[in-house]
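Next up is a structure, given as structure tokens.
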2 protein chains.
Amino acid sequence: MRDVAATVRGRRKDLGISQADLAARVGVSRAWINAVEAGKPSVEFDLVLRLLDHLGLRLDLAKPENLGDVFKGRSVDLDSVLDEYRDQ
Amino acid sequence: MRDVAATVRGRRKDLGISQADLAARVGVSRAWINAVEAGKPSVEFDLVLRLLDHLGLRLDLAKPENLGDVFKGRSVDLDSVLDEYRDQ
DNA sequence: AGTACTTGTCGACGCTCGACGACATGTTAT
DNA sequence: ATAACATGTCGTCGAGCGTCGACAAGTACT
């Protein structure tokens with residue numbers, strides 16, 4: 001998430017546009033752009049997607065096939081592996 | 001966005017767990033999981049991230065360097081290129 | 001000095017997300 | 001048949017997001 005914030009700000013500065021300009025282009029408020037660049041986690045997903053589109057950025061969904069193979073048919077180890085991803 | 005929906009549902013089925021189980025693990029309601037898998041766009045970003053984490057999925061921020069080079073110092077073409085990404 | 005632009009932040013307010021519970025529909029199994 | 005589970009969908013409701021407007025602080029340029 002911090003990655004998104006830093007990348008967005010860096011990208012915007014590279015483009016040489018202000019938060020207000022970017023906000024107008026994306027169709028959101030300037031305060032929202034500011035919040036995203038500050039790393040606010042609870043922002044709506046579709047707005048983030050539109051923002052990244054307007055910045056020429058894309059986020060790809062990476063599915064580690066290794067884990068997929070590991071999981072296949074292993075109903076026993078499934079819980080233990082999943083628990084590694086539980087709430088911090 | 002539809003990618004996320006389809007991937008999440010496929011991944012969950014591969015893991016062989018129900019929407020209720022996944023919801024409990026992620027810490028969201030079952031209705032929310034259902035909505036995401038249905039492709040609802042206006043969902044909160046951090047919840048999506050937590051969901052993907054629990055599914056063993058990651059989304060990477062891809063920054064096409066070609067565009068970055070193209071943009072550099074070209075304040076004239078900047079608007080035209082940006083306009084290609086305006087509201088559909 | 002003054003103007004203009006940018007960024008951070010605040011207090012409202014409307015709107016909708018997400019949670020919860022309940023219900024109807026499958027689907028599976030006993 | 002009926003019991004158990006999964007999924008889709010519908011109310012209601014509190015909580016939080018996003019918008020608007022305004023303000024202060026910082027920078028730059030005349």
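Each chain gets a letter, A, B and so on, in the order the sequences are listed, and its residues count up from 1.
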Item to check | All side-chain contact (heavy atoms from CB on, under 4.5 Å) counterparts of B:Q19, not counting sequence neighbours | outcome: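 Checked B:Q19 against side-chain contact (heavy atoms from CB on, under 4.5 Å); matches are B:R12, B:R30, B:I33, B:N34, B:E37.
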Checklist entry - Quick one: B:E44 CD to C:dC17 C1', roughly how many Å, whole number? => result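 Taking CD of B:E44 and C1' of C:dC17, I get 6 Å after rounding.
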Checklist entry - Taking CZ from A:F45 and C1' from D:dG18, how many angstroms apart are they, rounded to a whole number? => result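 From A:F45 CZ to D:dG18 C1': 18 Å.
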Checklist entry - When you check the phosphate oxygens OP1 and OP2 of C:dC17, does a side-chain N or O of B:S42 lie under 4.0 Å from one of them? => result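 The answer is yes; a side-chain N or O of B:S42 sits under 4.0 Å from OP1 or OP2.
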Checklist entry - With sequence neighbours left out, what residues match B:D60 under salt bridge (Lys or Arg N to Asp or Glu O under 4.0 Å)? => result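 So B:D60 forms a salt bridge (Lys or Arg N to Asp or Glu O under 4.0 Å) with B:R58.
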Item to check | Whole-Å gap separating C1' (C:dC17) and CZ (B:R50) | outcome: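 After rounding, the gap between these two atoms is 14 Å.
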Item to check | B:D3: partners by side-chain contact (heavy atoms from CB on, under 4.5 Å), with sequence neighbours left out | outcome: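 For B:D3, no residue satisfies side-chain contact (heavy atoms from CB on, under 4.5 Å) once neighbours in sequence are set aside.
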Checklist entry - From the list D:dG18, C:dC17, C:dG18, which nucleotide is the closest neighbour of the side chain of B:L47? => result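 My answer, after comparing the listed nucleotides, is C:dG18.
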Item to check | Nucleotide-resolved protein contact map, nucleotides 5-14 of chain C, B/S/- at heavy-atom distance under 4.0 Å | outcome: -SBBB-----
Next on the checklist: Distance check, rounded to the nearest 0.5 Å: A:R25 atom CZ versus A:L55 atom CG?
Outcome noted: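 Taking CZ in A:R25 and CG in A:L55, the distance rounds to 10.0 Å.
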Checklist entry - Whole Å only: how far is the NZ atom of B:K40 from the P atom of D:dG8? => result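 Result: 15 Å.
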Checklist entry - Mind checking the C1' distance from C:dC15 to D:dA22? Whole angstroms is fine. => result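 After rounding to an integer number of Å, I get 22 Å for this pair.
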Checklist entry - Among all residues two or more places apart in sequence or in another chain, which pass the side-chain contact (heavy atoms from CB on, under 4.5 Å) test with B:K13? => result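 Result, side-chain contact (heavy atoms from CB on, under 4.5 Å) vs B:K13: B:R9.
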Next on the checklist: Applying side-chain contact (heavy atoms from CB on, under 4.5 Å), can you list everything that pairs with A:L49, at least two apart in sequence or on another chain?
Outcome noted: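 side-chain contact (heavy atoms from CB on, under 4.5 Å) check on A:L49 returns A:F45, A:L59, B:M1.
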